[in-house]
Amino acid sequence: HPCLSFGQRLAISIMAATNSAPTIVFDLDGTLVDTAPDLVDTLNTILAREGLPPVPFERARSMIGGGARTLIERGLQAAGRPGIAAEVDRLYTDFVSHYGDHLADRSQPFPGAIAAIEQLAARGCRFAVCTNKFEWLSVRLLEALGIWNRERERHGQPTLAIGIGLNYGPAVVGDVGSKQGLSFTVI
């Protein structure tokens with residue numbers, strides 16, 4: 001219905017597809033939250049410390065995927081300096097440290113994501129995040145953005161769990177958000 005927000009349409013579509021209140025698993029980076037600005041800023045900070053030029057945002061955004069080590073390797077290649085394993089390991093440590101302090105500077109939930117979570121939570125759904133990001137970074141990001149509230153969890157309201165590399169076969173797959181650049185898997 002055109003009068004409903006994206007979040008409302010997503011919630012209705014998922015509930016209709018599942019006929020119950022399921023646990024919904026969200027991919028974190030690039031699906032639930034646009035983390036590219038902080039990931040690219042961190043990459044460019046690390047490159048600058050090495051005396052290397054920054055990678056333009058759109059080019060660096062396209063390098064994201066496969067984790068921080070892969071991003072560092074791609075950033076070094078873009079700067080014309082292929083990294084050796086020991087160098088990438090050293091830069092990775094610096095990357096994680098810097099990113100941990102700046103992971104919510106410019107990262108934002110995608111439009112409609114919070115509304116969808118609120119609509120689904122009102123129907124009793126529980127949530128999980130599947131990510132290759134360290135759990136402590138994921139929790140810090142979700143708390144900083146107000147997506148995960150430990151106080152609500154203590155009072156028995158729906159919680160958000162973190163899963164690293166979950167490998168469950170989906171019983172129902174909802175791709176109802178693809179037109180908005182979102183892809184949600186309901187299991």
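Keep in mind it's a predicted model, so treat the numbers as computed, not measured.
In this structure, Val129 and Ile147 have side chains that are not in contact, with every pair of non-hydrogen atoms separated by 4.5 Å or more.
Among all heavy-atom pairs drawn from Cys125 and Ile24, the shortest one is SG-CD1, 4.0 Å. Of all heavy-atom pairs spanning Gln77 and Pro82, the tightest one is CG-CA, 4.5 Å. Annotation for Arg74 and Ile64: closest pair NH1-C, 4.2 Å, computed over non-hydrogen atoms. In terms of heavy atoms, Pro54 sits closest to Asn44 at CA-OD1, 3.2 Å. Closest heavy-atom contact between Gly75 and Met63: N-SD, 4.1 Å. Closest of all the heavy-atom pairs between Ala60 and Leu43 is CB-CD2, 4.4 Å.
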**Message:** Pair Leu142, Leu32 - check side chain to side chain contact (heavy atoms under 4.5 Å, CB included), show working.
**Reply:** CA-CA 10 Å; Leu142 293 167; Leu32 183 60; 4.3 Å; yes

**Request:** Check the pair Glu50, Leu76 against side chain to side chain contact (heavy atoms under 4.5 Å, CB included), reporting the backbone distance first and the verdict last.
**Result:** CA-CA 10 Å; Glu50 296 296 306; Leu76 289 170; 5.5 Å; no

**Request:** Give the intermediate values and the outcome of side chain to side chain contact (heavy atoms under 4.5 Å, CB included) for residues Val40 and Val55.
**Result:** CA-CA 8 Å; Val40 171; Val55 180; over 6 Å; no

**Prompt:** Given the rule in the side chain to side chain contact (heavy atoms under 4.5 Å, CB included) test, do Val88 and Phe95 qualify, once you have shown the distances and angles that lead to the verdict?
**Reply:** CA-CA 10 Å; Val88 172; Phe95 185 100; over 6 Å; no

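Only one option out of Asp29, Asp38, Asp34, Thr35 pairs with Ser107 in a side chain to side chain donor-acceptor pair (under 3.5 Å); it is Asp38. Of the options Leu71, Leu91, Asp41, a side-chain contact (heavy atoms from CB on, under 4.5 Å) to Ile46 is made by Leu91 and by none of the others.
From Ile84, atom CD1 reaches atom CD of Glu73 across 12.0 Å, with rounding to the nearest 0.5 Å. Distance check: Leu28 CG to Leu141 CG gives 5.5 Å after rounding to the nearest 0.5 Å. Of the inter-residue distances, the one linking Tyr99 atom OH with Arg140 atom CZ reads 10.5 Å to the nearest 0.5 angstrom. Expressed to the nearest 0.5 Å, how far CD of Gln108 lies from CG of Asp105 amounts to 10.5 Å.
In this structure, the side chain of Ser97 does not engage the main chain of Asp94 through any donor-acceptor pair within 3.5 Å. Arg69 places no side-chain N or O within 3.5 Å of a backbone atom of Tyr92 that could act as its donor or acceptor partner.
Around CZ of Arg59, the count of heavy atoms belonging to other residues, nucleotides or ligands within 6.0 Å does not exceed 12.
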